[in-house]
Amino acid sequence: MKKHLLSAAVVAAAFLTSAPTAVATPSAPSAPAPAPAPVTAPRAAVPSASPIDVVRPGERVDAGEGWTVWLTREGKYWAGEDGFENFRSVVDGNIDLSRPGVSHQSEGDANGVFHSGIFYGTHRAGRVQLTDADGRKTVATLLSLPGRPGWGVWYAHTAPADGSPAVALYDRGGRLLADLPAGDF
């Protein structure tokens, strides 16, 4: 009995961990194949079932072009190449987590602009999109902490502009949840 359970477990494990090239039969004795070595793909190359990347509290994320973003239970942090750290709280009472919303902060120069903000009040966030005065659209990267806290962070890079782009938060079905109009700096 134990021999058959062990064989079934080996076959099941082999089936779940890799695509077999031949079908194993219980009557053909064979030595179990060694377990494949774990493969770690670059974070960006792994497709996500969710549009939101989940990160650990305090995990620093390279947001590109010299920018770093990280989240704690208290809120969003970001820093540029100069190392100066900025903070946006989610616990100071300025964000109503009971309804969908989005915030926007930006910093830039003649080389480009780094945009970031907080999306909140929904567990169905699917996309944050910036639209500049010329109609160019930029889709942001979304981050959240584990455990569905009801908020997350977005960031994106754009070319220099004379004004602030419109920012829109959509759900996973493409429905607009909240937006901020374009404005002047």
Side-chain angles (χ1 to χ4, degrees), residues 42-57 59-72 74-92 94-146 148-185:
R43 184 180 199 117
V46 177
S48 175
S50 167
I52 303 171
D53 290 330
V54 177
V55 297
R56 295 181 312 275
E59 178 182 346
R60 294 187 180 239
V61 176
D62 180 350
E65 300 182 31
W67 293 93
T68 304
V69 177
W70 63 102
L71 294 69
T72 68
E74 291 75 37
K76 171 189 87 149
Y77 292 82
W78 72 102
E81 289 180 335
D82 61 6
F84 183 74
E85 295 180 2
N86 295 287
F87 174 71
R88 177 67 169 99
S89 177
V90 296
V91 296
D92 65 2
N94 287 323
I95 293 178
D96 181 1
L97 297 176
S98 69
R99 61 184 190 159
V102 63
S103 72
H104 179 215
Q105 295 83 42
S106 62
E107 297 179 48
D109 57 24
N111 297 318
V113 182
F114 175 71
H115 303 270
S116 65
I118 298 173
F119 62 90
Y120 52 90
T122 181
H123 294 292
R124 304 270 319 140
R127 181 175 88 242
V128 169
Q129 181 174 286
L130 290 73
T131 305
D132 71 11
D134 294 327
R136 286 185 297 262
K137 298 180 183 320
T138 303
V139 176
T141 299
L142 306 182
L143 305 172
S144 182
L145 294 172
R148 299 171 52 111
W151 66 275
V153 169
W154 65 268
Y155 67 86
H157 295 272
T158 65
D162 291 330
S164 177
V167 179
L169 169 65
Y170 296 92
D171 70 9
R172 293 180 191 157
R175 184 175 63 98
L176 180 66
L177 297 175
D179 65 340
L180 297 171
D184 295 329
F185 285 107

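Excluded from the calculations below are hydrogen atoms, water molecules and symmetry mates; all remaining heavy atoms, backbone and side chain alike, are included.
Among all heavy-atom pairs drawn from Leu169 and Gly101, the shortest one is CD2-O, 3.5 Å. Here the shortest heavy-atom pairing between Pro146 and Pro57 reads CD-CD, 4.4 Å. Between Gln129 and Val139 the shortest heavy-atom distance is OE1-CG2, 4.1 Å. For the residue pair Ser89 and Val91, the shortest heavy atom distance occurs at OG-N, 3.0 Å. Residues Leu130 and Val167 approach most closely at CG-CG2, 4.3 Å, considering heavy atoms. Shown here for Leu176 and Ala168, the closest heavy-atom pair between the two residues is CD1-CB, 3.7 Å.
Remark: Trp151 CH2 to Thr122 OG1 distance equals 15.0 Å, nearest 0.5 Å. In this structure, NE2 in His123 is found 5.0 Å from CZ in Arg148, a value given to the nearest 0.5 Å. Between the CZ atom in Arg172 and the CD1 atom in Ile52 there is a gap of 5.5 Å [rounded to 0.5 Å]. One distance of note links CG of Asp132 with CG of Asp162; it measures 10.5 Å at 0.5 Å rounding. Distance check, rounded to the nearest 0.5 Å: OG of Ser106 to CZ of Phe114 gives 10.0 Å. Atom CG of Leu177 is separated from atom OH of Tyr120 by 11.5 Å, given to the nearest 0.5 angstrom.
Put simply, the side chain of His104 reaches to within 4.5 Å of the side chain of Pro165, judged on heavy atoms. Counting only heavy atoms from C-beta outward, the side chains of Pro51 and Arg127 never approach each other to under 4.5 Å. Residues Val61 and Val55 have side chains in contact (heavy-atom distance under 4.5 Å, counting atoms from C-beta outward).
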Table please: side-chain donor-acceptor pairs of residues 62-71 below 3.5 Å, with sequence neighbours left out.
from	atom 1	to	atom 2	distance (Å)
Asp62	OD1	Gly64	N	2.7

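Dense packing is recorded around CZ of Arg60, with more than 12 heavy atoms of other residues, nucleotides or ligands lying under 6.0 Å away.
Residues that satisfy the side chain to side chain contact (heavy atoms under 4.5 Å, CB included) test with Arg88, not counting sequence neighbours, are Lys76, Trp78, Asp92, Asn94, Ile95, Gln105, Ile118. Residues passing the side chain to side chain donor-acceptor pair (under 3.5 Å) test with Asp179: none are found, sequence neighbours excluded.
Ring-plane geometry between Trp154 and His115 is classed as parallel, the angle between the planes falling under 30 degrees on a 0 to 90 degree scale with a further cut at 60. In this structure, Tyr77 and Phe87 have tilted ring planes: the angle between them lies in the 30° to 60° band.
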